[in-house]
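Model, not experiment: these values are computed from the prediction. Just so you know, these numbers use all the heavy atoms, side chains as well, and skip hydrogens, waters and symmetry mates. Chain identifiers are assigned alphabetically (A, B, ...) following the order of the sequence lines, protein sequences preceding nucleic acid strands; residue numbering begins at 1 within each chain.
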2 protein chains.
Amino acid sequence: MKKTSLKDIAQQAGVSTALVSYVLNGKEKETRVGEAIAQKIRQIAKELNYQPNHLAKSLRSGKTYTIGLIIADISNPFFANIARVVEDEAKKNGYTVIIGSCDEHAEKSWDLVNVLINRQVDGFIIVSCEGSENQVHYLKERNIPFVLLDRHFPEIQTDFVATNNYKASYDAGVHLIESGYSRIGIMAYKSNMYHMEERVRGLQHALRDNNIDFNDAWLKEVNFETMDSEVRTAIDEVLASDQRVEAMIFATYGLAINALKYINELRLKVPSDLAIVSFGQAEVFDLYYCPITYVRQPLEMLGKTSVEFLLKKLKNPDEGMKQILMEAKLIPRDSSKAKKPVSKG
Amino acid sequence: MKKTSLKDIAQQAGVSTALVSYVLNGKEKETRVGEAIAQKIRQIAKELNYQPNHLAKSLRSGKTYTIGLIIADISNPFFANIARVVEDEAKKNGYTVIIGSCDEHAEKSWDLVNVLINRQVDGFIIVSCEGSENQVHYLKERNIPFVLLDRHFPEIQTDFVATNNYKASYDAGVHLIESGYSRIGIMAYKSNMYHMEERVRGLQHALRDNNIDFNDAWLKEVNFETMDSEVRTAIDEVLASDQRVEAMIFATYGLAINALKYINELRLKVPSDLAIVSFGQAEVFDLYYCPITYVRQPLEMLGKTSVEFLLKKLKNPDEGMKQILMEAKLIPRDSSKAKKPVSKG
DNA sequence: ATTATGTGTTTAAACGATTAAGCATTTACC
DNA sequence: GGTAAATGCTTAATCGTTTAAACACATAAT
């Protein structure tokens, strides 16, 4: 039993497919279709449970009403959630989203871009991974609409929606300082992505502005792929050094989780043995015995705005470049509780 | 700058589009294309960076190489992970996945089914929600290939891939009994979905087989939408009753999370005040101060097998019905640690 | 009576690919 | 030399829509 097409309806009604198309697209007025025949067409369409073929529509119109969403790491709940927001927002506007995760690999990301271009997506929303600048350039050259989400490349002029990571990290640093910590480290991915660098820089400047010298041993950069083991080593090191850190900022959710697991194994107490602030947000942070202070990124807003920007661009390709940095909010919890003052020396 | 099409290549090469199509689809042998011209065509295709238009291909062939994945609740990390597995597995086979979450609402699920049918997906993988039987019947009638994942309707003959929930819950019950607990409750969604009922039944039979009378007050069924508040009430009740439970099985991840939050607020200790076993799996369970015993469902296998079943069906629609129940594994942790014996009376 | 205007409908091309069928031409065979 | 087979390529229909243009009437205006 084949799907019913315009032709089927046309045949039953004894008219041409053109009329059927006009009526079912609500163009009866402009195209002056007779009221009687319009009724009949609608009636038959309902009886046959007509559902238009999106492929044909898209082929004809050149618009698929589909957005390609490329996410650097969908296992990160922050990104998983942002994907949901994007999807919901897109659906509200009649768009379908095809999601792909590149797991922080630029080649995978290339594949995805190509697959999705073949599928004729109207545009992209991309959480870029390291080394994917060429892809951004490619999309620009080919004039394919896209918006970068959460991560962007300051040296490439593009639309983007991101968090003010510098400020977020600066605030986190100040918060820890005000809570009485001064030897504050940060763990980040080994990466030259701007958002990572900003998170590191934010803390460094917070310390500098409070007259604390940042010790390079306090910065721990680990590789994404080998995170599990490297995090352990890193923790060992920052705790062992003669300049042992008292507090640590984790630049991503994944780092924090791995670190917390290890810290548990070591039977260290948070925050007395190590105070913690983490980027990202997840239920884990609430349920940890010592709830984790975290940087809450404006997830909903980021997702919604990225869709909004993209759809505007799709409607009017000549519209100007849109860039926005949103503010994150530090949510103080027990893991960064004020330190009990200790007499010096 | 338009995308290059077959026609463009044909023009440049001075041949018909048919030849180009043959060559680029590797059919030069069967269709006896001259070697010289084949070379030329490939050359030009490369120069123009030709990417075939999937829409046109699909329209012609009636196959989109797209799978619709409908998930009952994507905010559940178990489902989020299974979605990843499905996506990866599909991609390996050249399929693209369009994911939609119906948030446990049957109407949303209907919408998704229709949207995806319009998008001409080749088939569906569905984690059904309550009240969506009509949709399953609809797909069967319309002869649209689909596989039910994780949840199925025993009264409807369909392909499905699911967990043996009865056994999983039975095992959980036995484990708790062996750990010295006897007043064991279970919290589930108020639902007549088979997988839920099986989880309840599993515990009940485990108790019966160990000569423990199941007290109906130990069964707490809460509504998905109002879970936040109902869980609290339910916990209050099972702890207050004269037949206070000592242990509780949570039939879903969401229920466990909510309960744990409340238990923390009440400053109750796990497992001494209340032992816990939960379905689902997530990092939270590892990081909780008292790691949570949980039922590990064969996530990878479930996802992969569902794709496998569907793709087989797509290749050969007449293949027989495929149904499989996979075994879950109980992962014992501290939250269900053996109880210290207490003298009776 | 002729032209203009309005009304209701059909025709046919187009989107970009696939593919059965047809058409030349060359080579093989008896 | 005549038929058959092999070779290399083109034509044109098709998938299901959309939509500009053409067409055929009826009614109104001059």
Side-chain angles (χ1 to χ4, degrees), chain A residues 1-42 44-45 48-66 94 117-122, chain B residues 1-42 44-45 48-66 94 117-122:
Chain A
M1 187 175 34
K2 251 185 61 250
K3 275 197 64 173
T4 71
S5 70
L6 277 193
K7 212 193 275 180
D8 301 326
I9 300 178
Q11 243 153 29
Q12 275 225 22
V15 297
S16 70
T17 62
L19 269 202
V20 181
S21 172
Y22 289 142
V23 170
L24 298 183
N25 285 297
K27 303 211 172 140
E28 357 169 2
K29 292 285 171 296
E30 304 101 291
T31 57
R32 309 164 314 209
V33 180
E35 185 50 38
I37 202 74
Q39 289 287 352
K40 191 173 176 186
I41 287 171
R42 267 189 293 265
I44 296 176
L48 299 185
N49 185 31
Y50 170 72
Q51 306 278 130
N53 183 323
H54 226 278
L55 293 175
K57 265 182 138 87
S58 298
L59 180 58
R60 180 71 223 273
S61 68
K63 318 204 88 280
T64 57
Y65 293 95
T66 302
I117 286 179
N118 282 14
R119 300 242 163 194
Q120 315 295 128
V121 296
D122 291 341
Chain B
M1 188 176 30
K2 250 184 62 249
K3 274 197 66 172
T4 71
S5 69
L6 277 194
K7 211 193 274 180
D8 301 327
I9 300 178
Q11 242 153 31
Q12 276 225 21
V15 297
S16 70
T17 61
L19 268 201
V20 181
S21 172
Y22 291 142
V23 170
L24 297 184
N25 286 297
K27 303 212 173 136
E28 358 171 1
K29 290 286 171 295
E30 304 99 289
T31 56
R32 309 164 315 207
V33 180
E35 186 49 38
I37 202 73
Q39 289 287 354
K40 190 172 177 188
I41 286 170
R42 269 190 291 266
I44 295 176
L48 299 185
N49 185 32
Y50 171 71
Q51 305 280 127
N53 183 324
H54 227 278
L55 293 176
K57 265 183 141 84
S58 299
L59 181 58
R60 182 73 223 273
S61 68
K63 319 204 88 279
T64 57
Y65 292 95
T66 302
I117 286 179
N118 282 14
R119 299 241 164 196
Q120 315 296 124
V121 297
D122 291 341

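- A pairwise comparison of heavy atoms in B:Glu28 and B:Ala38 identifies OE1-CB, 3.6 Å as the closest pair.
- Just one residue in the list B:Leu6, B:Val33, B:Thr31 forms a side-chain contact (heavy atoms from CB on, under 4.5 Å) with B:Leu19, and that residue is B:Val33.
- Atom CD1 in B:Ile9 sits roughly 12 Å away from atom C1' in C:dG16 (whole-Å rounding).
- The CD atom of A:Gln51 sits 15 Å away from the P atom of D:dG16 (whole-angstrom rounding).
- Residue A:Thr31 is classed as a base contact, given a heavy-atom separation below 4.0 Å to a base.
- Across every non-hydrogen atom of A:Pro52 and A:Lys3, the tightest pair is O-NZ, 4.4 Å.
- Residues that satisfy the side-chain hydrogen bond (donor to acceptor under 3.5 Å, both in side chains) test with B:Gln51, not counting sequence neighbours, are A:Asn118.
- One atom, NZ of A:Lys63, and another, C1' of C:dG16, lie 18 Å apart when rounded to the nearest Å.
- Of the residues in residues 11-18 of chain A, those placing a heavy atom less than 4.0 Å from an atom of DNA chain C are A:Gly14, A:Val15, A:Ser16, A:Ala18, in numerical order.
- To the nearest angstrom, C1' of C:dT10 lies 13 Å from CZ of A:Arg32.
- Judged as a side chain to side chain donor-acceptor pair (under 3.5 Å), the pairs with a partner in residues 14-27 of chain B (not counting sequence neighbours) are, in order, B:Ser21-B:Asn25.
- In this structure, B:Leu19 atom CG and C:dA20 atom P are separated by 15 Å, rounded to whole Å.
- Considering only residues two or more places apart in sequence or on other chains, A:Glu35 meets the salt bridge (charged side-chain N to carboxylate O under 4.0 Å, His left out) condition with A:Arg42.
- Atom C1' of nucleotide C:dA17 and atom CG of A:Asn118 are separated by 13 Å, given to the nearest angstrom.
- The distance between atom CD1 of B:Ile41 and atom P of D:dG8, rounded to the nearest whole Å, is 13 Å.
- Rounded to whole Å, atom P of C:dT19 lies 12 Å from atom CG of B:Leu6.
- Contact check for B:Lys40 versus B:Val15: no side-chain heavy atoms found under the 4.5 Å cut-off.
- Within 4.0 Å of B:Ile37, counting heavy atoms only, lie sugar-phosphate atoms of the nucleic acid but no base atom.
- The ring-ring contact (aromatic ring centres under 6.0 Å, His included) test applied to A:Tyr65 returns A:Tyr95, not counting sequence neighbours.
- Applying the side-chain contact (heavy atoms from CB on, under 4.5 Å) rule to A:Ser61 yields the partners A:Lys63; only residues at least two apart in sequence or on another chain are considered.
- DNA chain D is contacted by A:Ser21, A:Tyr22, A:Asn25, A:Lys27 of residues 21-30 of chain A, taking any non-hydrogen atom closer than 4.0 Å.
- With sequence neighbours left out, B:Ser58 forms a side-chain contact (heavy atoms from CB on, under 4.5 Å) with A:Leu55, B:His54, B:Thr64.
- For the side-chain hydrogen bond (donor to acceptor under 3.5 Å, both in side chains) test, no residue two or more places apart in sequence or in another chain qualifies with A:Asn53.
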Using nucleotides 13-15 of chain D, report all nitrogen or oxygen pairs with the protein that are shorter than 3.5 Å.
| unit_1 | atom_1 | unit_2 | atom_2 | d |
| --- | --- | --- | --- | --- |
| D:dT14 | O2 | B:Arg60 | NE | 3.1 |
| D:dC15 | O2 | B:Arg60 | N | 3.4 |

